Amino acid sequence: MIVFDQVQKSYQVGGEAVPALHPTSMTIETGEVFGIVGHSGAGKSTLVRLINRLEPSTGGRILIDDEDITHYSHAELRAFRRKVGMIFQHFNLLSSKTVADNIAFPMKLAGIYSATQIRERVDELLARVSLVDQANKYPSQLSGGQKQRVGIARALACRPTILLCDEATSALDPQTTQSVLKLLGDINRELGLTIVLITHEMDVVRRVCDRVAVMDAGRVVEMGPVSDVFLHPQHPTTRDFVFESESVDRDELQEDYQKAEGRILRLTFKGESTYQPLLGSVARESGVDFSILSGRIDHIKDTPYGQLTLSLVGGDLGLAMQAFEKADVHVEVVR
Ligand SMILES: Nc1ncnc2c1ncn2[C@@H]1O[C@H](COP(=O)(O)OP(=O)(O)OP(=O)(O)O)[C@@H](O)[C@H]1O
Ligand SMILES: [Mg+2]
């Protein structure tokens with residue numbers, strides 16, 4: 001468990017303390033994939049670098065598994081950092097070392113593993129990230145996705161309990177992103193590793209995260225289970241991210257709404273209700289006619305969801321809304 005208790009961070013710039021993280025309290029549970037989303041400069045990297053003490057905080061306490069890490073000595077810090085792996089946007093591999101040597105590097109640096117232990121662990125990790133036949137290549141001979149797999153294997157070398165990912169898929173194409181996210185999901189499930197994942201893409205959050213915090217100008221402005229935050233965003237910044245991920249042009253959407261007649265409702269289906277043939281039967285029973293203004297059916301992690309915006313005319317609207325709610329469909333009146 002990672003607990004932030006009124007943690008804050010300021011940087012000294014020209015003799016002045018400039019806040020990058022305002023006092024923040026939150027808890028990241030053991031074994032969850034926790035997303036942090038926000039625009040450039042929001043303070044995401046700062047927050048994550050406080051977790052492995054790459055940056056010292058300037059106030060508050062950070063507890064990891066009930067231990068306050070803010071006052072660790074150098075020796076304590078060295079042991080602690082083995083428990084926290086990290087991967088980066090630009091991979092940060094050593095170009096003069098082979099794939100296998102890159103993965104072995106943190107174990108050698110730790111100085112507590114035998115040569116046999118290192119060799120066995122490297123073989124195991126090469127298999128886990130599907131790079132067995134690339135072991136003797138150098139980073140420059142690999143694709144971006146392969147480089148990030150090396151980054152992941154290296155981060156796992158000392159058997160950490162926490163993995164920090166700072167924009168780990170931002171330099172990758174959509175298909176490679178998908179496969180790296182799948183690998184992170186597998187690692188989270190199979191090793192029970194806690195993953196803290198920074199991204200500026202809500203779509204990445206939707207695919208792998210259990211909970212998410214949205215950051216804006218050094219503050220967490222919204223936090224919760226991904227299905228709540230993604231399907232019912234409250235803060236303007238969160239709404240921006242969700243609309244962006246759905247490629248929705250809000251002005252166009254408003255125009256569409258103006259052209260539509262009657263009441264406008266947004267229906268959110270989640271889990272089983274996504275597949276029920278509900279619209280037809282509600283329309284028949286309530287006599288309401290509907291047209292679809294926008295819609296999307298997809299998954300949040302493994303849970304299917306659908307979100308439809310409808311305009312409804314005629315019939316008994318109250319009866320229709322009751323029927324939707326009875327079927328566990330969330331109804332929001334847009335107009
Ligand atoms: N070493 C530093 N010295 C001074 N200011 C810094 C330092 N590192 C970060 N900052 C400032 O702190 C704020 C937060 O930066 P941070 O790197 O955490 O943002 P971010 O959300 O990770 O952005 P990005 O998406 O661009 O990576 C920014 O205003 C940045 O300029
Ligand atoms: Mg950053």
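None of the values given here were measured: they were computed from a predicted structure. Counting starts at 1 for both ligands and their atoms, in listed order.
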Is it the case that [X] and [Y] place a side-chain donor and acceptor less than 3.5 Å from each other?
X	Y	value
Thr238	Glu222	yes
Ser291	Ser311	yes
Arg149	Ser179	yes

Nearest-neighbour protein heavy atom for [atom], which is reported as residue plus atom name and distance:
atom	result
atom 18 (O) of ligand 1	Thr46 OG1, 2.5 Å
atom 9 (C) of ligand 1	Tyr11 CE1, 3.3 Å
atom 25 (O) of ligand 1	Lys44 NZ, 2.7 Å
atom 12 (O) of ligand 1	Ala20 CB, 3.4 Å
atom 26 (O) of ligand 1	Ser40 OG, 2.5 Å
atom 14 (C) of ligand 1	Gly41 O, 3.5 Å

Would you say that [X] contacts [Y] through its side chain, given a criterion of any heavy-atom pair below 4.5 Å between the two side chains?
X	Y	result
Asp65	Thr30	yes
Val333	Arg263	yes
Ile152	Val180	yes

Short N-O contact, [X] and [Y], less than 4.0 angstrom:
X	Y	value
Arg296	Asp203	yes
Arg206	Glu201	no
Asp123	Arg119	no

Closest candidate by heavy atom, reference atom 27 (O) of ligand 1, pool Ser45, Gly14, Ala217: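 When every heavy atom of Ser45, Gly14, Ala217 is considered, Ser45 comes closest to atom 27 (O) of ligand 1.
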Per-residue contact class, Val13 against ligand 1 - non-hydrogen pairs under 4.0 Å: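 For Val13, the contact with ligand 1 is made by the side chain alone.
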Region of Met215 that comes within reach of ligand 1 [heavy atoms, distance under 4.0 Å]: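 No part of Met215 is near ligand 1 at this cut-off.
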Proximal atoms of ligand 1 relative to His39 (non-hydrogen, under 4.0 Å):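 Listed by number with element: 21 (O).
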Min N/O separation [X] to ligand 1 under 3.5 Å:
X	value
Ala42	yes
Gly43	yes
Glu55	no

The Mg ion (ligand 2) contact by Ser40, N, O or S atom under 2.8 Å: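 Checking Ser40: none of its N, O or S atoms is under 2.8 Å.
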Any protein heavy atom < 4.0 Å from atom 7 (C) of ligand 1: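 Under the 4.0 Å cut-off, atom 7 (C) of ligand 1 does have protein heavy-atom neighbours.
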Side chain to side chain donor-acceptor pair (under 3.5 Å) between Arg207 and Thr177, intermediate numbers included: CA-CA 11 Å; Arg207 282 168 208 255; Thr177 293; over 6 Å; no
